[in-house]
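What follows is a single structure, written as structure tokens, with notes after it.
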Amino acid sequence: LSIPDLTVGGVITGKTYMQKNVNFYDDIGTATHYLPLSDQTTAEGTSYASGNTAWLAPCGGRVVNLTYKVPSGISATSAITFTVQKNPIGDSYSGTPTDIEAETLSLPDDQDHNVAHWTFDNAAFVVGDLITIKMVSDADPLSSALWWIGSCVIELDWSTVYTGSSAIHT
């Protein structure tokens with residue numbers, strides 16, 4: 001495709017994909033963990049509204065998928081569920097976030113060093129939503145703390161970004 005001398009009046013908006021590292025070090029057990037969505041840390045947490053685990057959506061979009069390198073030493077088969085959650089504008093941090101979509105994958109105990117992939121069908125959010133991703137395992141897959149090395153792909157729709165003058169959005 002060749003478009004010589006393309007001239008466009010105004011702003012071009014569209015959808016883009018971004019990748020976030022979601023690495024953390026822990027023995028996950030069966031406790032709820034929230035993935036580190038901050039670009040400043042690899043500390044996951046057990047609270048959904050921390051600066052480490054929450055991401056404020058600059059525009060509408062959706063969480064597309066999560067991919068993790070399976071740690072060495074998986075000692076028990078477990079079903080690991082990731083749930084994309086949101087806290088809309090106006091909702092308190094102390095409230096309960098709304099589940100958008102959950103995906104579960106069985107992780108057999110013979111999968112050391114393989115790659116596990118969770119795909120979301122419609123984990124959509126709107127501009128201003130506070131996004132978190134919860135991880136829960138139905139059995140303790142590890143006998144000690146190990147690195148969980150992963151990435152999250154997010155689709156962003158820049159046609160929905162706030163425009164205009166400075167304002168408080170409610």
Side-chain angles (χ1 to χ4, degrees), residues 10-69 78-107 115-139 141 147-170:
V11 177
I12 297 174
T13 58
K15 294 181 181 180
T16 61
Y17 290 94
M18 67 178 280
Q19 179 269 336
K20 294 193 79 55
N21 292 326
V22 286
N23 305 338
F24 67 93
Y25 182 83
D26 201 357
D27 180 359
I28 64 168
T30 57
T32 297
H33 286 70
Y34 286 88
L35 302 185
L37 296 178
S38 167
D39 293 331
Q40 302 171 352
T41 184
T42 57
E44 90 293 352
T46 55
S47 170
Y48 84 92
S50 79
N52 295 340
T53 62
W55 177 73
L56 185 64
C59 58
R62 66 186 181 98
V63 175
V64 177
N65 61 52
L66 283 164
T67 305
Y68 271 98
K69 177 88 170 179
S78 59
I80 297 179
T81 301
F82 286 100
T83 305
V84 179
Q85 299 178 307
K86 69 178 178 179
N87 182 294
I89 294 174
D91 281 7
S92 168
Y93 290 139
S94 62
T96 302
T98 302
D99 291 350
I100 302 173
E101 184 178 350
E103 284 294 323
T104 301
L105 181 66
S106 179
L107 185 62
V115 172
H117 184 79
W118 291 259
T119 299
F120 297 95
D121 297 320
N122 191 26
F125 52 82
V126 298
V127 59
D129 280 348
L130 191 64
I131 303 301
T132 55
I133 303 175
K134 177 174 71 172
M135 175 186 192
V136 178
S137 180
D138 71 343
W147 275 102
W148 290 81
I149 307 296
S151 64
C152 177
V153 174
I154 300 172
E155 179 184 270
L156 298 173
D157 181 357
W158 292 104
S159 70
T160 63
V161 70
Y162 287 136
T163 59
S165 60
S166 300
I168 300 294
H169 297 274
T170 58

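The two residues N23 and I149 have their closest heavy-atom pair at OD1-CA, 3.4 Å. In this structure, S78 and A139 approach most closely via the heavy-atom pair CB-O, 3.6 Å. Closest of all the heavy-atom pairs between P141 and G29 is CD-O, 3.9 Å. Closest non-hydrogen pair, A116 versus L105, comes out as CB-CD2, 3.9 Å. Taking each heavy atom of D157 and T160 in turn, the nearest pair found is O-OG1, 2.7 Å. The minimum heavy-atom distance linking W158 with P58 is given by the pair CH2-CG, 3.9 Å.
Residue K86 holds its NZ atom at 7.5 Å from CD1 of I131, rounded to the nearest 0.5 Å. To the nearest 0.5 Å, atoms CG (L37) and CG (L56) are separated by 11.5 Å. Atom-to-atom distance recorded for C152:SG and N21:CG is 10.0 Å, nearest 0.5 angstrom. The line from CD1 of I28 to CE of M135 is 3.5 Å long, rounded to the nearest 0.5 Å.
Side-chain atoms of K69 and W148, non-hydrogen and from C-beta on, never get closer than 4.5 Å to each other. Looking only at side-chain heavy atoms (C-beta outward), V64 and I154 stay at 4.5 Å or farther from each other. Taking 4.5 Å as the limit, some side-chain heavy atom of H33 sits within range of a side-chain heavy atom of D26. Residues L66 and L35 meet the side-chain proximity criterion, which asks for heavy atoms closer than 4.5 Å.
For the 3.5 Å distance criterion, the side chains of S38 and W55 fail to qualify, holding no donor opposite an acceptor.
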Do any side-chain atoms of residues 118-129 form donor-acceptor pairs under 3.5 angstrom with protein atoms, and if so which ones, sequence neighbours left out?
residue, atom, partner, partner atom, Å
W118, NE1, I80, O, 3.2
T119, OG1, H117, NE2, 3.1
D129, OD2, V126, N, 3.0

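If you look at F24 and Y34, their ring centroids are not closer than 6.0 Å.
Although no hydrogens or angles enter the test, the distance criterion places no donor-acceptor pair under 3.5 Å between the side chain of N87 and the main chain of P97.
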